[in-house]
Amino acid sequence: MRTVKDALREAKISHTRLASELGMSIASVSLIVNHGRFPKGRKQKEVRDTVNGILTARNVDVTGIWRFLDGRDENNDEDEAEQEVNVMLSQAAKRQFGVFQDPFVDDVNGQEDVYLGDSSRYVAEYMYMTAKVGGMLAVLGESGSGKTTLRRYMSDRINQEGLKVKVIFPRTIDKTRLTATSIADAIVEDCSTERPKRTLEAKARQVERILTASSRAGWSHVLVIEEAHDLAIATLKYLKRFWELEDGFKKLLAIILIAQPELKSKLDESRNWEAREIIRRVEVAEIESLARPGELEAYLQLKMKRIGRDVKELVDESAYNAMRERLARRTRGGQAISLAYPLTVNNLVKRSMNLAAEIGQSRIDAETVLSA
């Protein structure tokens, strides 16, 4: 079966010459000819018609040379923001870019490895102060936005500063099954050497006694629940009872809920009137994307610095706007939003590096990002 590459060879048209006639980069032409990938923003039909015209003018038959595109929908672009499974950095890309480890794997080993932009810095401080002083906080962020990293940052900061704060983590994997009973058990086990009592009444008395004694010894306590968007409404209601535990004027337990944005619907008083007591007391902090000027650049610089490389050696300046474009979406209401969260950025950069290695580029640029 004849391909575009075959037709170009017959016409004695190089990739460099075709790129000039199309007003595209050589990399983009190589992607089209060798891989059937069209840069985002360039219509397939427009490019195909132009190439066909160039070939026909040289008496080259163009019948069937685009057959590899049959059945593809040029408007059905893959949504990289929904690809939550980590992309692997190929061995070819590691050789091409001179890196010996993936800059996005096992990339946080201390506070210095955590990128804090304006939004994440605010949320990190909010979490830290809630753990230290008290309150109820819901931290909301999309999958891959760095919620778990901020939780680890908070815990590490508490330890590094020697604060007398006990962080309590219920270990129930399925948070839809997390109950007042399992929360009470977690408090007992994380704050004492006692075994949890059997009845809920006994557990409640035990929890209050343990937290009171610990508080009088100078300790504060924070209950941290991840995947809190899965909590049942009944469990949310019970959280208020835990938060109300006190010794005189001092609250015994702070609460931090870490969740995806779906928790908003459960914290909507008009939908869950029966949970209004806790809804009215929970403060909400949301993690925003890396959309502000300079944040993508600073984030990637930190990641590359960890592996001993300067980001300028690997990423062309033109690539950043292309990344912002690839990760920009519009809601059904027409509102522009950015999905440039750490996980989606990591995956897009790795796909771009893999692609650049395939076509022999030493840096990823806008064309590579738009085609990856």
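Residue numbers start at 1 and run along the sequence shown.
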Quiz item: Would the Tyr238 and Phe242 ring centres measure less than 6.0 Å apart?
Solution: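 Here the rings of Phe242 and Tyr238 have centres that are no less than 6.0 Å from each other.
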Side-chain donor-acceptor pair under 3.5 Å between [X] and [Y], yes or no?
{"X": "Glu288", "Y": "Tyr341", "value": "no"}
{"X": "Arg324", "Y": "Asn321", "value": "yes"}
{"X": "Glu226", "Y": "Thr148", "value": "yes"}
{"X": "His221", "Y": "Ser214", "value": "yes"}
{"X": "Ser220", "Y": "Lys132", "value": "no"}

Do [X] and [Y] come close enough that some side-chain heavy atom pair is under 4.5 Å?
{"X": "Ile65", "Y": "Thr63", "result": "no"}
{"X": "Glu297", "Y": "Val311", "result": "no"}
{"X": "Leu89", "Y": "Pro103", "result": "yes"}
{"X": "Ile210", "Y": "Val188", "result": "yes"}
{"X": "Gln101", "Y": "Asp106", "result": "no"}
{"X": "Ile183", "Y": "Leu223", "result": "yes"}
{"X": "Leu150", "Y": "Lys147", "result": "no"}

Treating Ile, Leu, Val, Met, Phe, Trp and Tyr as nodes and any side-chain heavy-atom pair under 4.5 angstrom as an edge, say whether [X] and [Y] lie in one connected cluster.
{"X": "Val284", "Y": "Tyr128", "value": "no"}
{"X": "Val139", "Y": "Ile255", "value": "no"}
{"X": "Val108", "Y": "Leu343", "value": "no"}
{"X": "Leu348", "Y": "Tyr115", "value": "yes"}
{"X": "Ile225", "Y": "Leu211", "value": "yes"}

Grab the two heavy atoms, one from [X] and one from [Y], that are nearest each other, plus how far apart they are.
{"X": "Ala11", "Y": "Leu55", "result": "CB-CD2, 3.8 Å"}
{"X": "Ala186", "Y": "Pro170", "result": "CB-CA, 3.8 Å"}
{"X": "Ser155", "Y": "Val167", "result": "OG-CG1, 4.3 Å"}
{"X": "Lys251", "Y": "Trp243", "result": "CD-O, 3.4 Å"}
{"X": "Ser14", "Y": "Arg17", "result": "OG-N, 3.1 Å"}
{"X": "Leu137", "Y": "Thr130", "result": "CD2-OG1, 3.7 Å"}

Quiz item: side chain to side chain contact (heavy atoms under 4.5 Å, CB included) between Met304 and Leu314: does it pass, once the steps are laid out?
Solution: CA-CA 9 Å; Met304 298 307 172; Leu314 309 179; 3.6 Å; yes
Quiz item: Hey, is the main chain of Gln361 close enough, under 3.5 Å, to the side chain of Gln96 for a donor-acceptor pair?
Solution: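 Side chain of Gln96 to backbone of Gln361: a pair is present.
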Exercise. Tell me, with the steps shown, if Glu244 and Arg241 meet side chain to side chain contact (heavy atoms under 4.5 Å, CB included).
Key: CA-CA 5 Å; Glu244 288 176 335; Arg241 306 293 177 254; 3.9 Å; yes
Quiz item: What is the ring orientation for Tyr299 with Phe104, classed by angle as parallel under 30°, tilted 30 to 60°, or perpendicular over 60°?
Solution: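 Taking Phe104 first and then Tyr299, their aromatic rings lie parallel (interplane angle under 30°).
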Show me the donor-acceptor pairs within less than 3.5 Å that the side chains of residues 256-266 make with the rest of the protein, sequence neighbours left out.
unit_1 : atom_1 : unit_2 : atom_2 : d
Lys264 : NZ     : Glu286 : OE1    : 3.3
Lys264 : NZ     : Glu286 : OE2    : 3.0
Ser265 : OG     : Glu262 : O      : 2.8
Lys266 : NZ     : His229 : O      : 2.8
Lys266 : NZ     : Leu231 : O      : 2.5

Practice problem: List the steps and the verdict of side chain to side chain contact (heavy atoms under 4.5 Å, CB included) for Asp247 and Leu252. | Solution: CA-CA 7 Å; Asp247 182 25; Leu252 296 177; 3.8 Å; yes
Which value, rounded to the nearest 0.5 Å, describes the distance between [X] atom [atom1] and [Y] atom [atom2]?
{"X": "Glu142", "Y": "Ser338", "atom1": "CD", "atom2": "OG", "answer": "11.0 Å"}
{"X": "Tyr153", "Y": "Gln111", "atom1": "OH", "atom2": "CD", "answer": "5.0 Å"}
{"X": "Glu10", "Y": "Lys5", "atom1": "CD", "atom2": "NZ", "answer": "14.0 Å"}
{"X": "Glu367", "Y": "Ser318", "atom1": "CD", "atom2": "OG", "answer": "8.5 Å"}
{"X": "Ile279", "Y": "Asp268", "atom1": "CD1", "atom2": "CG", "answer": "7.0 Å"}

Practice problem: Step through the shown structure and confirm whether more than 12 heavy atoms of other residues, nucleotides or ligands are within 6.0 Å of NZ on Lys164. | Solution: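 Count over threshold, so yes.
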Self-check item: Leu253 and Ile168: CA distance, side-chain angles, deciding distance, side chain to side chain contact (heavy atoms under 4.5 Å, CB included) verdict
Solution: CA-CA 10 Å; Leu253 187 68; Ile168 303 158; 3.8 Å; yes
Self-check item: Residue among Lys203, Arg171, Arg195 satisfying side-chain hydrogen bond (donor to acceptor under 3.5 Å, both in side chains) with Asp185
Solution: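 Among the candidates, only Lys203 passes.
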Quiz item: Below 4.0 angstrom, N of the basic side chain to O of the carboxylate: do Glu21 and Arg58 qualify?
Solution: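 Looking at Glu21 and Arg58, the cut-off is met.
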Exercise. Flag the pair Lys237 and Glu274 as a salt bridge only when some basic side-chain nitrogen lies within less than 4.0 angstrom of an acidic carboxylate oxygen.
Key: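 Between Glu274 and Lys237 there is no salt bridge, as every charged N stays at least 4.0 Å from the carboxylate O atoms.
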Exercise. State which residue, out of Leu370, Asp316, Val315, fulfils the side-chain contact (heavy atoms from CB on, under 4.5 Å) condition with Asp365.
Key: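 So the option named by the test is Asp316.
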Self-check item: Test: Arg151 cationic atom under 6.0 Å from Phe169 six-membered ring centre, within 45° of axis
Solution: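 Positive - Arg151 is close enough to the ring of Phe169 and near enough to its axis.
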